[in-house]
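First the structure, in the form of structure tokens, and then the observations on it.
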Amino acid sequence: MDLIKDLEFRGLVNQMTDREGLTKKLAEEPISLYVGFDPTADSLHIGSLLPILVLRRFQLAGHKPIALVGGGTGLIGDPSGKANERTLNTSDVVAQWSEKLKLQLSRFLDFEAAGNPAQMVNNYDWLGDLNVIGFLRDIGKNFTVNYMLAKDSVDSRLEKGISFTEFSYMILQAYDFLRLSEDRGCSLQIGGSDQWGNITAGLELIGKTTERQAFGLTMPLVTKSDGTKFGKTEGGTIWLDATKTSPYQFYQFWINTDDNDVVKFLKYFTFMSPSEIEELERQVKEAPEKREAQRVLAKAVTQLVHGEEAALSAIKISEVLFSGNVQTLSGSEIEEAFKDVPSTEVSGSAEIGLIDLLLEVKAAPSKRQARQDIESGAVSINGTKVTELDKVLQEGDRLEGRYVVIRRGKRNYYLVKFV
């Protein structure tokens with residue numbers, strides 16, 4: 001299967017300029033292509049993962065990917081897909097975020113590949129030194145206001161108003177494409193469907209100022225079948241930075257994928273073959289309760305983003321929480337598994353009675369209730385049910401020398417840390 005057909009099988013093509021011409025170009029020779037990532041935060045999120053992985057698909061097919069970090073355009077703000085004006089960040093902040101994005105992107109692209117190593121560029125290198133008069137004369141004259149107003153990214157903002165700052169973003173991104181075309185032979189820009197106006201503006205500029213051939217391709221914005229926003233949970237955005245979204249939380253996001261979305265996400269976010277995906281699609285239809293497709297998806301994407309060790313740890317934590325056998329967890333895994341449950345620090349190394357401990361962590365409102373819970377078998381310590389009312393927890397009962405995990409009923413967990 002050729003690259004364009006594979007992208008279409010995966011549902012990764014939303015719009016494309018000159019499909020026949022691009023297909024022919026890809027078959028004739030390796031091309032250079034780019035995606036831009038503006039540093040609007042100190043980490044990329046999983047909404048950014050789709051274009052990153054499309055870059056990787058092109059590299060695996062022998063083409064030359066360029067990851068552009070928008071150190072310049074990040075100071076302006078892209079109006080595409082936004083109902084309101086973005087908050088402008090300082091140049092120091094944008095510069096710091098740009099460096100962090102470079103590090104993240106290097107995890108997905110091969111910068112040492114023989115023949116087609118990935119490249120990283122920052123558009124501040126050419127936008128930062130632009131001369132206003134020269135830019136308006138040489139670049140701005142190629143765009144009419146009517147042309148720019150017709151773009152969805154601008155038209156959708158006219159009612160509420162759009163600043164000249166954001167209005168100019170389209171021309172700056174078009175200039176990026178022109179510079180990469182001239183300096184690095186880049187002939188394809190890809191991006192989300194909200195970038196179509198910016199991409200075609202670049203093609204317009206290249207067409208008017210050079211004789212170079214250039215193409216544009218957009219991917220669909222990722223949506224969920226239930227109408228909720230992809231990449232968002234009750235806890236907030238799902239980030240690619242492990243310090244902002246832990247590998248376990250990341251894994252849980254994917255393992256909870258709805259049956260109606262899992263096949264689409266397998267196509268989008270994994271490098272599995274069509275036959276492998278079709279087999280999992282069959283299993284979703286015939287045995288959805290096994291959730292095999294979700295497990296494959298969660299492991300594959302977590303391993304891709306955070307590495308094999310982190311993925312295996314996330315799987316281990318999930319299995320332990322399901323079985324209750326918390327004794328196999330390391331200290332860091334305990335911290336991760338129970339970071340969202342009530343946690344209590346207890347000072348000293350003295351022994352403590354179970355009833356007193358249940359009151360200490362507020363697992364029971366009174367000694368009477370604590371006794372009833374213990375006698376009824378509703379209390380477990382480190383995965384083991386306890387029914388002795390006179391149970392005293394000693395140092396040997398602590399996991400990793402300092403943790404005690406209490407479970408009351410089926411779902412109520414409490415973490416005790418002895419310090």
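Everything numeric here is computed off the predicted structure, so don't read it as measured data.
- Using a cutoff of 4.0 Å between basic side-chain nitrogens and carboxylate oxygens, D259 and K285 are not scored as salt-bridged.
- The only option from T73, N123, L127 that meets the side chain to side chain contact (heavy atoms under 4.5 Å, CB included) definition with Y175 turns out to be L127.
- Side-chain atoms of E276 come within 3.5 Å of backbone N or O of S273 as a donor-acceptor pair.
- If you check the side chains of T23 and E20, you find no donor sitting under 3.5 Å from an acceptor.
- Under the 6.0 Å distance and 45° angle rule, K299 does not count as a cation-pi partner of Y251.
- In this structure, R179 and R184 have side chains that are not in contact, with every pair of non-hydrogen atoms separated by 4.5 Å or more.
- The distance from the CD atom of Q15 to the CG atom of L217 is 9.5 Å, given to the nearest 0.5 Å.
- Classification of E29 and K64 as a salt-bridged pair fails, no side-chain N sitting under 4.0 Å from a carboxylate O.
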Inset, instruction - Please lay out, stage by stage, how E279 and R282 fare under the test salt bridge (Lys or Arg N to Asp or Glu O under 4.0 Å). - result: CA-CA 5 Å; E279 170 59 23; R282 182 188 65 79; 2.4 Å; yes
Inset, instruction - Under the side chain to side chain contact (heavy atoms under 4.5 Å, CB included) rule, what do L358 and I374 come out as? Steps first, then yes or no, please. - result: CA-CA 10 Å; L358 292 176; I374 294 170; 3.9 Å; yes
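- In this model, a donor atom of one side chain and an acceptor atom of the other lie less than 3.5 Å apart for Q104 and S43.
- Panel note: side chain T270, backbone L266; a donor-acceptor pair is recorded below 3.5 Å.
- Figure legend: R57 and F271 shown as a cation-pi pair, the cationic atom lying under 6.0 angstrom from the six-membered ring centre and within 45 degrees of its axis.
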Legend entry - Derivation and outcome, ring pair (Phe, Tyr, Trp, His ring centres under 6.0 Å), residues Y169 and F164: CA-CA 9 Å; Y169 184 94; F164 176 76; over 10 Å; no
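- Distance alone, capped at 3.5 Å, places no donor-acceptor pair between the E281 side chain and the E278 backbone.
- No donor-acceptor pair closer than 3.5 Å links the side chain of T245 to the backbone N or O of A242.
- Aromatic ring centroids of Y248 and F253 lie 6.0 Å or more apart.
- Contact annotation: the side chain of L203 approaches that of T17 to within less than 4.5 Å [non-hydrogen atoms, C-beta and beyond].
- Partner of P65 under the side chain to side chain contact (heavy atoms under 4.5 Å, CB included) criterion, out of L55, I190, L60: L55 alone.
- A donor atom on one side chain and an acceptor atom on the other are not found under 3.5 Å apart for E336 and Q249.
- With sequence neighbours excluded, the residues that form a salt bridge (charged side-chain N to carboxylate O under 4.0 Å, His left out) with R19 are E8.
- Between the S313 side chain and the E309 main chain, no donor and acceptor come within less than 3.5 Å of each other.
- Listed by first and then second residue, the ring pair (Phe, Tyr, Trp, His ring centres under 6.0 Å) pairs involving residues 288-318 are F250-H306 (not counting sequence neighbours).
- Take T200 and apply the side-chain hydrogen bond (donor to acceptor under 3.5 Å, both in side chains) test, not counting sequence neighbours, and it matches K151.
- Taking a 6.0 Å sphere around CD of E28, one finds it holds more than 12 heavy atoms contributed by other residues, nucleotides or ligands.
- Counted by atom type alone, D226 and T228 present one or more donor-acceptor pairs between their side chains at under 3.5 Å.
- No donor-acceptor pair under 3.5 Å is formed between the side chain of N122 and the backbone N or O of D125.
- Under the ring-ring contact (aromatic ring centres under 6.0 Å, His included) criterion, F338 pairs with Y413, sequence neighbours left out.
- The existence of a salt bridge linking E182 and R212 is excluded, since no basic side-chain nitrogen approaches an acidic carboxylate oxygen closer than 4.0 Å.
- For the residue pair D397/Q394, the side-chain donor-acceptor check at 3.5 Å is not satisfied.
- Contact of the D42 side chain with the D241 side chain is not registered, since no non-hydrogen atoms from C-beta on lie closer than 4.5 Å.
- The distance from atom OG of S330 to atom OH of Y403, rounded to the nearest 0.5 Å, is 8.5 Å.
- Between the side chains of Q195 and T218, no donor N or O sits under 3.5 Å from an acceptor N or O.
- Counted within 6.0 Å of NZ on K290, heavy atoms from surrounding residues, nucleotides or ligands total 12 or fewer; the atom is thus considered open.
- Between the side chains of N382 and T384, no donor-acceptor pair of N or O atoms lies under 3.5 Å.
- Qualifying side-chain hydrogen bond (donor to acceptor under 3.5 Å, both in side chains) partners for Q369, counting only residues two or more places apart in sequence or in other chains: D373.
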Inset, instruction - For E204 and Y147, run side chain to side chain contact (heavy atoms under 4.5 Å, CB included): C-alpha distance rounded to whole Å, both residues' side-chain angles, the deciding distance at 0.1 Å, then the answer. - result: CA-CA 10 Å; E204 180 87 2; Y147 173 86; 3.7 Å; yes
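- Note that the CD1 atom of I206 and the CZ atom of F215 stand 11.0 Å from one another [nearest 0.5 Å].
- At a threshold of 4.0 Å, the pair D110-R56 does not count as salt-bridged, since none of the basic side-chain nitrogens sits closer than that to a carboxylate oxygen.
- Judged purely by atom type and a 3.5 angstrom limit, R407 has no side-chain atom pairing as donor or acceptor with the backbone of N412.
- Atom NZ of K25 sits about 11.0 Å away from atom NE2 of H63, to the nearest 0.5 Å.
- Between E335 and K339 there is no salt bridge, since none of the side-chain N atoms of the basic residue sits less than 4.0 Å from a carboxylate O of the acidic one.
- The backbone N or O of Q252 lies less than 3.5 Å from a partner atom in the side chain of N256, making a donor-acceptor pair.
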Legend entry - Evaluation steps, side chain to side chain contact (heavy atoms under 4.5 Å, CB included), between L205 and T210: CA-CA 8 Å; L205 180 60; T210 76; over 6 Å; no
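- Side-chain atoms of S48 never come within 3.5 Å of backbone atoms of L44 as a donor-acceptor pair (strictly under, hydrogens ignored).
- There is no side-chain donor-acceptor pair under 3.5 Å between T387 and E375.
- Here D261 pairs with nothing under the salt bridge (charged side-chain N to carboxylate O under 4.0 Å, His left out) rule; sequence neighbours left out.
- The main-chain N or O of T223 is found under 3.5 Å from a side-chain atom of K264 such that the two form a donor-acceptor pair.
- For the pair N14 and M219, the minimum side-chain heavy-atom distance is 4.5 Å or more.
- Counted within 6.0 Å of CZ on F269, heavy atoms from surrounding residues, nucleotides or ligands total more than 12; the atom is thus considered enclosed.
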Inset, instruction - Walk me through it: do T237 and K244 pass the test side chain to side chain contact (heavy atoms under 4.5 Å, CB included)? - result: CA-CA 9 Å; T237 300; K244 296 170 74 71; over 6 Å; no
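- Around CD of E289, the count of heavy atoms belonging to other residues, nucleotides or ligands within 6.0 Å exceeds 12.
- In the model, W126 has no side-chain atom that pairs as donor or acceptor with a side-chain atom of D183 under 3.5 Å.
- Between T209 and L178, the closest side-chain pair of non-hydrogen atoms falls below 4.5 Å.
- The CD1 atom of I171 sits 7.0 Å away from atom CZ of F167, with the distance rounded to the nearest 0.5 Å.
- Taking a cutoff of 4.0 Å between a charged side-chain nitrogen and a carboxylate oxygen, E292 and R295 qualify as a salt bridge.
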